[in-house]
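Residue numbers begin at 1 in each chain, while the letters A, B, ... track the order of the sequences. In this text the structure is predicted, and so the values were computed from the model without any measurement.
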There are 2 protein chains.
Amino acid sequence: MSRVLNRKPNISPEVQKRVNDSIKKLDYRVNLRAKGLVQKSSDIIGVIASDITNPPISQFIEAFASRLHENSLGILLGNSGNDIRKEFEFIDLFVERKARGIIYTGKEITEEHVHKLNDCPIPLLVVSQEHEQLKCPVVVFDNYQASYDVVRLLLEKGHSRIGFISCPIEDKHAGLLRQRGYRNALKDVGIAFEEPLLQYADFTMESGYLAAERILEQAKELPTVIYGATDQIAIGALKCLRDKSFRVPDDIAIFGFDNIPVASKLVPSLSSVNLDHYEMGYFSADMLLKMAETSGVGIKKVIFSHSIILRESCR
Amino acid sequence: MSRVLNRKPNISPEVQKRVNDSIKKLDYRVNLRAKGLVQKSSDIIGVIASDITNPPISQFIEAFASRLHENSLGILLGNSGNDIRKEFEFIDLFVERKARGIIYTGKEITEEHVHKLNDCPIPLLVVSQEHEQLKCPVVVFDNYQASYDVVRLLLEKGHSRIGFISCPIEDKHAGLLRQRGYRNALKDVGIAFEEPLLQYADFTMESGYLAAERILEQAKELPTVIYGATDQIAIGALKCLRDKSFRVPDDIAIFGFDNIPVASKLVPSLSSVNLDHYEMGYFSADMLLKMAETSGVGIKKVIFSHSIILRESCR
DNA sequence: CTGAAAGCGCTAACAA
DNA sequence: TTGTTAGCGCTTTCAG
């Protein structure tokens with residue numbers, strides 16, 4: 001029976017029909033677990049995400065899942081809420097379920113993570129994060145360069161007082177690197193870093209709002225532009241400015257990062273850095289699949305390109 | 001060994017230690033598939049979503065997944081992109097994997113769906129959709145009433161020319177019922193329905209923009225408010241109005257539906273109907289778990305409450 | 001209390 | 001070409 005089900009060659013049509021009839025009659029369904037048990041391979045991939053509610057992440061997962069589905073693979077979803085304990089539990093779970101591979105799209109890679117991830121006995125791909133001691137391949141955007149580019153562009157446009165709202169630097173890419181791009185761009189043109197112009201937020205719009213308030217309060221002199229490390233932050237900052245009756249971009253301009261779908265529909269529409277998370281999702285799926293097939297693809301890091309999109313919030 | 005692993009009673013500490021040592025030494029991991037095979041029950045739930053990129057859906061899934069994780073269950077994600085073929089494939093896949101249950105959060109329930117869903121041999125819960133012939137329980141918001149309430153409120157505020165941008169009516173809840181609420185509220189106060197004031201969009205902001213443009217072009221007389229069947233639509237419409245230099249809400253007000261996170265951060269902030277998708281997610285998880293345990297919970301339909309949130313876009 | 005054996009549903013290998 | 005059997009890794013049952 002197994003033979004006709006799996007379309008093996010050399011089966012007489014007579015048997016084929018007989019089996020197919022019984023299958024229909026008995027309403028037979030394969031038990032994929034039993035199948036996996038004997039074949040020692042499952043057809044699922046585990047995905048660890050910090051927050052699927054976050055547009056860049058959900059876009060990535062959507063693309064990733066779609067490509068996986070084309071290859072008849074399913075996805076086991078682990079939403080961690082940034083809780084390291086949960087993330088480790090998911091890894092264990094995925095391993096115990098014999099997933100073909102794991103995608104890690106968390107927000108932070110601690111020393112603990114490094115150990116856990118390096119110990120992972122199944123193919124692993126880290127997305128949008130990295131760490132020197134991490135052995136698995138990573139797929140990233142060049143967040144440092146992109147952020148540096150933004151600030152240089154702002155400078156060229158005559159903005160010399162640039163407020164920046166950073167993500168937590170525990171997030172190496174969205175946090176540390178974007179902030180470093182900001183700092184270095186200023187340094188490279190000889191502008192002194194001013195403490196009050198850099199404030200911290202997390203990944204919510206609300207925290208962006210609050211951080212913008214702090215910039216407004218603490219700055220010795222008002223910035224001419226506020227640049228948020230994510231669009232969510234920028235949206236919060238934009239709201240804050242409008243609530244306080246600043247004109248955007250005339251009084252203070254706004255710049256974001258990620259180009260989430262709503263960015264182009266805001267009033268004023270939000271200038272941002274476009275990162276193609278769909279593209280990254282498709283690619284990551286292909287890459288992880290290849291890793292699972294060939295046990296290692298000789299790739300250490302893949303860097304995707306970005307582009308800057310100027311809209312009304314910052315001309 | 002199985003005994004010590006699963007904390008069965010009556011095991012001498014000596015054996016316990018011996019086994020635990022070996023486990024550590026050999027870096028042993030359970031094989032959950034083998035375990036599931038013999039126990040005939042898995043610890044996963046299948047989730048079918050049309051588009052995890054859509055905030056209400058991702059919020060629901062996040063809450064749902066979080067509650068599931070508390071109960072040590074994993075989630076298999078099926079993102080269908082609204083493709084009925086994929087949805088059916090996911091159902092088969094979940095069944096073959098012996099998932100404990102399935103959540104269906106698609107956008108449409110066709111006759112075909114009804115058959116497929118009614119045939120499903122494992123517990124099934126349908127979210128935000130319904131169909132007369134569907135046998136499984138459903139969990140919904142009262143979209144008709146909510147929409148009716150919005151329009152009555154608009155009427156009370158003096159808006160007699162209300163433009164409405166509908167979702168496709170194939171989506172019974174977000175489409176048909178919200179539109180019906182609009183139509184009936186008008187009818188109940190004796191206002192004639194005007195064809196050009198009702199336009200259709202899908203679930204994107206872009207389509208909301210375009211639909212708003214059509215209202216503006218085709219209306220014999222401009223509406224004083226445009227009410228979008230989703231926040232995404234309303235955001236697109238808002239953008240359209242602003243692009244055409246209408247003042248919102250002074251010239252034309254805007255009303256949305258869903259109260260997605262960004263609604264409160266727009267300028268002007270968006271009036272909307274608040275639906276607690278997190279709450280719904282938690283509840284659905286509990287309910288599905290109960291269904292899986294007791295094979296049926298004697299519940300046919302659960303209706304969650306909604307509330308109207310007035311913000312700047314419509315005072 | 002513990003070791004050994006049966007069997008979950010499947011596929012691969014081996015006979016027939 | 002086809003029927004049969006071993007065995008995947010686990011839990012449960014049955015002896016011991």
Side-chain angles (χ1 to χ4, degrees), chain A residues 1-44 46 71-74 76 89 91-102 120-123 292-293 295, chain B residues 1-44 46 71-74 76 89 91-102 120-123 292-293 295:
Chain A
M1 189 203 84
S2 167
R3 276 184 278 250
V4 10
L5 228 57
N6 296 298
R7 291 148 219 267
K8 287 281 159 41
N10 306 333
I11 23 167
S12 73
E14 193 264 327
V15 181
Q16 207 164 120
K17 185 178 173 339
R18 193 151 50 87
V19 174
N20 278 327
D21 284 356
S22 312
I23 286 179
K24 219 163 272 168
K25 200 166 300 166
L26 300 174
D27 200 22
Y28 168 86
R29 303 288 198 113
V30 250
N31 182 329
L32 286 181
R33 278 177 314 180
K35 183 170 179 166
L37 222 207
V38 34
Q39 291 188 155
K40 284 160 173 325
S41 95
S42 77
D43 37 12
I44 55 175
N71 290 274
S72 311
L73 295 190
L76 259 180
E89 283 171 33
I91 292 177
D92 288 337
L93 206 74
F94 297 162
V95 170
E96 288 163 3
R97 264 189 196 300
K98 297 267 183 287
R100 285 234 196 128
I102 297 182
C120 181
I122 55 184
E293 278 165 18
S295 65
Chain B
M1 187 202 83
S2 167
R3 278 184 277 251
V4 9
L5 228 55
N6 295 300
R7 291 146 219 265
K8 287 281 160 38
N10 306 333
I11 23 169
S12 72
E14 192 265 325
V15 180
Q16 209 165 117
K17 186 180 174 336
R18 193 149 51 85
V19 173
N20 277 328
D21 284 356
S22 311
I23 285 180
K24 218 164 272 167
K25 199 166 299 164
L26 300 174
D27 199 24
Y28 168 87
R29 303 288 199 112
V30 251
N31 182 329
L32 287 181
R33 279 178 313 183
K35 185 170 178 167
L37 221 207
V38 30
Q39 291 188 154
K40 282 159 173 330
S41 94
S42 77
D43 38 11
I44 55 176
N71 290 274
S72 311
L73 295 189
L76 258 180
E89 282 171 33
I91 293 178
D92 288 337
L93 206 75
F94 297 162
V95 170
E96 288 163 4
R97 266 191 194 298
K98 297 267 181 288
R100 285 236 196 124
I102 297 181
C120 181
I122 54 184
E293 277 165 18
S295 65

### Query
The side chain of B:Ser12 lies closest to which of these nucleotides: C:dC10, C:dA12, C:dC1?
C:dC1
### Task
List the atom of A:Leu37, the atom of B:Asn31, and the distance in Å for their closest heavy-atom pair.
CD2-ND2, 4.0 Å
### Query
Rounded to whole angstroms, how far apart are CD on A:Glu96 and C1' on D:dG9?
13 Å
### Task
Could you check how far CD1 of A:Ile23 sits from P of C:dC10, rounded to whole Å?
10 Å
### Query
So which nucleotide from C:dG3, C:dG9, D:dC10 ends up closest to the side chain of B:Arg18?
C:dG3
#### Entry: Minimum-distance pair of heavy atoms, taken over all atoms of B:Ala99 and B:Gly46
CB-N, 4.1 Å
#### Entry: Whole-Å distance separating the CD atom of B:Glu14 from the P atom of C:dC1
13 Å
#### Entry: Side-chain heavy atoms of A:Asp92 within contact of B:Arg29, under 4.5 Å
yes
#### Entry: Interatomic distance where CG belongs to A:Leu32 and P belongs to C:dC10 [whole Å]
9 Å
### Task
Test for a donor-acceptor pair under 3.5 Å between the base of C:dG9 and the side chain of A:Arg29, counting only N and O atoms.
no
### Task
Using only side-chain N and O atoms of B:Arg33, determine if any of them is under 4.0 Å from OP1 or OP2 of D:dT11.
no
### Minimum-distance pair of heavy atoms, taken over all atoms of A:Pro123 and A:Ala292
CG-CA, 3.8 Å
### Query
What integer distance in Å separates A:Lys40:NZ from D:dC10:P?
10 Å
### Separation of atom OH in A:Tyr28 from atom P in C:dT11, rounded to whole Å
6 Å
### SB check A:Arg97 B:Asp43 (cutoff 4.0 Å)
yes
#### Entry: Separation of C:dG9 P from B:Asn31 CG (nearest whole Å)
16 Å
### Task
Look at the side chain of B:Leu37 and decide which nucleotide, out of C:dG9, C:dT11, D:dC10, has an atom nearest to it.
C:dG9
### Message
In this structure, how many angstroms lie between the C1' atom of D:dG9 and the CG atom of B:Asp27, rounded?
### Response
16 Å
### Query
Taking for each residue the nucleotide of DNA chain C bearing the nearest heavy atom, is the 5' side occupied by B:Pro13 or by A:Lys35?
B:Pro13
### Query
Can you tell which of D:dG9, D:dC14, D:dT11 lies closest to the side chain of B:Arg3?
D:dC14
### Task
Report yes if a side-chain nitrogen or oxygen of A:Gln39 is closer than 4.0 Å to either non-bridging phosphate oxygen (OP1 or OP2) of C:dA12; otherwise report no.
yes
